[in-house]
Amino acid sequence: MADIAAPAYRIIPIIPVLKPGAMEGVKSFVASDKINEALGFPGHLVDDWHDRAIARMGELLSKYRSLRVYMDACVHCGACSDKCHYFIGTQDPKNMPVARQDLMRSVYRRYFTLPGKLFPKLVGARDLTREVLDEWYNYYHQCSECRRCSVFCPYGIDTAEVTMAAREILDSVGYGQKYSNEIIGKVHKIGNNLGLPGPALQDTLQGLEEDVKEDTGTDVRFPMDVKGAEVLLITPSADFFAEPHIDSLIGYAKVFHATGTSWTLSSMASEAANFGIFIGNYDQLRKIALRIRQAALELGVKRIVVGECGHAWRVAYSFWNTLSGVGEGADPNDRFAQMLQKQLDHRYKQPMHICEFTWDMIGRNALSFDKEANDKHIITFHDSCNVARGSRMGDFAGGQFEIPRNIIKAVANNFVEMSPETIREQTFCCGGGGGLLTDDLIDLRVKGALPRMEVLQQVVDEHGVNFMATICAICKAQFTKVMPIYGFDRRMVGGVHQLVSNAIILGDK
Ligand code: SF4
Ligand code: SF4
């Protein structure tokens with residue numbers, strides 16, 4: 001960390017001066033044989049990787065019509081080129097979204113289009129050489145799949161989907177990334193990203209009960225594996241021990257306590273995160289989601305609520321219905337999905353975000369707050385990419401933006417927005433999402449945080465902001481790591497339910 005420096009803030013955020021090759025040597029650690037094989041991938045790069053990669057690409061192009069459209073539709077207008085935080089921070093032209101897509105598009109042209117087969121040079125088509133494969137590995141692991149670029153593309157081309165396809169192809173030939181694949185292996189084996197076994201979780205939860213009792217004098221429970229509970233809370237495992245995540249877990253527990261809601265965590269499904277989406281692998285995505293279904297069925301819960309985790313909420317909101325039968329559209333031929341459909345209480349949204357739960361309870365006048373408890377904070381809100389651009393909350397357009405803000409305003413007196421072109425659907429990624437929250441990519445992570453740090457600095461200077469709330473476990477972990485490099489106090493970042501926890505009045509209703 002000592003030699004990692006934050007890039008200088010830009011006076012006027014214009015298109016950066018290009019630094020070709022600036023990040024070409026930055027390579028996330030490659031997964032070992034053991035890690036890859038645990039997920040059913042080849043252990044290491046197979047001898048016939050070229051043919052297998054092209055075959056897998058062909059399969060993905062036929063399966064996902066969107067991918068073929070993205071390969072064909074780009075007119076190189078450049079509207080996306082300066083919209084990526086990694087390009088802004090690194091100045092490497094290959095981190096422009098259009099250039100990132102072209103890494104795959106050039107190979108697509110060579111093998112899947114007639115002009116590319118006949119006149120490759122004329123149409124910018126390239127053979128898939130080992131050099132190109134390495135370039136894919138490096139630059140598709142410098143994309144956090146945040147989808148900001150797609151907001152600005154007139155054709156809606158989604159670079160995140162191209163990145164997912166590239167990672168899926170890389171895994172299929174034994175060239176997987178250590179960080180994501182190792183984490184998925186832990187979820188399969190133990191139940192969460194951190195590899196925390198059930199007894200360790202029980203200890204942590206018991207310790208939290210004691211801490212909250214000492215702080216508030218109230219017996220707030222943190223139950224685990226309680227059969228017949230109303231709500232199953234699925235939350236990122238970082239909430240169990242990491243700072244500031246744990247303060248939000250305390251906030252959820254206080255909300256459940258204050259509203260008299262019976263709830264439980266699950267030792268088997270002790271993880272909301274689903275890194276299957278990061279590696280673009282449907283089978284892994286489904287396998288991880290099925291743990292949650294199994295836990296819900298075994299515990300007999302009526303509702304499933306998801307904690308503060310950006311991509312987990314995207315997976316829950318957008319994919320759980322077809323992956324596991326939570327929500328509308330469950331597979332009529334999937335017996336377990338249908339069992340779950342019968343079991344869940346459809347008077348409530350399934351699944352529901354914890355912010356929706358809390359906001360609903362505030363609307364029912366079931367919670368009371370002492371807003372002055374948050375008066376030491378001047379608060380801003382960082383929209384997390386997967387919540388902002390991959391999901392929704394509530395039953396109105398933009399609910400994913402309004403509901404967390406509404407909660408903050410209900411529990412605190414001082415709220416300030418950051419610059420409008422950097423929030424809501426145009427929000428900048430924290431710089432650590434999409435499977436990049438690993439120390440081997442710390443240089444990229446620091447540089448990728450630049451646009452968010454610049455606008456945070458503005459509200460700090462102009463309004464004295466001293467707290468940036470967010471509802472994503474990855475954003476919290478990334479910011480606490482990189483903010484000190486930009487000269488901020490790491491305690492400036494925290495969850496929305498951390499603020500709820502500060503202000504909630506227990507035992508009032
Ligand atoms: S990191 Fe985000 S903005 Fe950059 S290319 Fe990937 S999806 Fe687009
Ligand atoms: S904005 Fe869309 S069409 Fe234009 S260069 Fe980017 S991806 Fe291509």
Side-chain angles (χ1 to χ4, degrees), residues 204-205 207-222 233 235-236 238-261 263 305 307-309 353-384 402-417 456 459-460 463-473 475-477 479-480 483 488-509:
T204 307
L205 297 176
L208 284 177
E209 288 183 0
E210 288 161 13
D211 292 348
V212 175
K213 172 86 178 173
E214 204 177 303
D215 277 359
T216 64
T218 306
D219 286 310
V220 173
R221 298 278 330 277
F222 289 77
L233 176 73
T235 205
D239 282 359
F240 296 117
F241 87 106
E243 288 285 353
H245 309 62
I246 203 162
D247 293 314
S248 282
L249 177 61
I250 294 170
Y252 319 149
K254 287 182 180 175
V255 168
F256 290 134
H257 176 92
T259 55
T261 308
W263 69 290
V305 173
E308 293 183 356
C309 181
H353 194 278
I354 188 68
C355 285
E356 293 176 299
F357 185 92
T358 300
W359 182 239
D360 180 49
M361 289 297 171
I362 292 171
R364 291 167 193 261
N365 201 24
L367 293 169
S368 303
F369 299 102
D370 167 17
K371 292 171 80 167
E372 289 179 8
N374 278 315
D375 274 358
K376 61 183 181 221
H377 295 310
I378 300 172
I379 302 159
T380 193
F381 182 69
H382 164 80
D383 294 276
S384 301
E402 300 309 328
I403 289 175
R405 287 170 168 82
N406 289 346
I407 295 174
I408 294 172
K409 289 173 196 165
V411 305
N413 288 312
N414 310 311
F415 179 73
V416 175
E417 288 283 16
L456 176 62
V459 288
V460 168
H463 303 282
V465 163
N466 59 11
F467 192 91
M468 180 166 67
T470 184
I471 50 171
C472 174
C475 294
K476 291 172 194 170
F479 284 137
T480 49
M483 280 171 64
F488 296 110
D489 187 330
R490 67 195 297 278
R491 288 167 299 183
M492 269 183 76
V493 67
V496 166
H497 279 79
Q498 181 175 336
L499 299 170
V500 171
S501 175
N502 293 344
I504 196 165
I505 299 172
L506 297 172
D508 180 54
K509 294 190 174 167

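All figures in this text were calculated on a predicted structure; none of them were measured in a lab.
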Discussion item. Can you give me the closest heavy-atom contact between His377 and Asn414, atom names plus distance?
Written reply: O-ND2, 3.1 Å
Discussion item. Quick one, Leu367 and Ile504 - any side-chain contact, counting heavy atoms below 4.5 Å?
Written reply: yes
Worksheet item: Going by an N to O cut-off under 4.0 Å, is there a salt bridge joining Arg490 and Glu243?
Response: no
Worksheet, complete the sentence: Residues at least two apart in sequence or cross-chain that pass ring pair (Phe, Tyr, Trp, His ring centres under 6.0 Å) with Phe357, listed by chain then number, are Phe256
Discussion item. Under a 3.5 Å threshold, yes or no: a donor from one side chain and an acceptor from the other, between His497 and Thr358?
Written reply: yes
Discussion item. If I take atom CD1 from residue Ile408 and atom CG from residue Asn413, how far apart are they, to the nearest 0.5 angstrom?
Written reply: 13.0 Å
Practice prompt. Using a 4.5 Å cut-off on heavy atoms from C-beta on, say whether the side chain of Asp219 contacts that of Lys213.
Written response: yes
Worksheet entry | Note, Phe488 side chain near Val493 side chain (heavy atom, < 4.5 Å) | no
Worksheet entry | Spacing of Glu356 atom CD and Ile407 atom CD1 [to the nearest 0.5 Å] | 9.0 Å
Worksheet item: What closest approach, in Å, do Ala253 and Trp263 show between heavy atoms, and which atom pair accounts for it?
Response: CB-CZ2, 3.7 Å
Practice prompt. Kindly give the heavy-atom pair with the smallest separation between Val465 and Val416, and that separation in Å.
Written response: CG2-CB, 4.0 Å
Worksheet item: Do you know the tightest heavy-atom contact between Ser501 and Gly251?
Response: CB-CA, 3.6 Å
Worksheet item: side chain to side chain contact (heavy atoms under 4.5 Å, CB included) between Thr259 and Arg364: does it pass, once the steps are laid out?
Response: CA-CA 10 Å; Thr259 55; Arg364 291 167 193 261; over 6 Å; no
Worksheet entry | Short side-chain to backbone donor-acceptor contact, Asn502 and Asn374, under 3.5 Å | no
Worksheet item: Is any side-chain heavy atom of Met492 less than 4.5 Å from a side-chain heavy atom of Val460?
Response: yes
Discussion item. If you define the side chain from C-beta out and look only at heavy atoms, does anything of Phe240 sit under 4.5 Å from Leu208?
Written reply: no
Worksheet item: Is there a side-chain contact between His463 and Thr380, using heavy atoms and a 4.5 Å cut-off?
Response: no
Worksheet, complete the sentence: In this structure, CD1 of Ile354 is separated from CD of Glu308 (nearest 0.5 Å) by 8.0 Å
Worksheet, complete the sentence: Scanning both residues in full, the closest heavy-atom pair of Leu233 with Gly307 reads CD1-N, 4.1 Å
Worksheet item: Is any side-chain heavy atom of Phe222 less than 4.5 Å from a side-chain heavy atom of Val212?
Response: yes
Response to the item:
For Phe415 and Lys409, the nearest pair of non-hydrogen atoms, with its separation, is CD2-CE, 3.6 Å
Worksheet item: How many angstroms lie between CG in Asp489 and OG1 in Thr480, if you round to the nearest 0.5 Å?
Response: 11.0 Å
Worksheet item: Is the closest side-chain heavy-atom distance between Cys475 and His382 below 4.5 Å?
Response: yes
Discussion item. Rounded at 0.5 Å granularity, tell me how far CG in Leu456 sits from CE in Met483.
Written reply: 5.5 Å
Worksheet item: Which value, rounded to the nearest 0.5 Å, describes the distance between Phe479 atom CZ and Thr470 atom OG1?
Response: 6.5 Å
Worksheet item: Salt-bridged, Lys371 to Asp375, with N to O below 4.0 Å?
Response: no
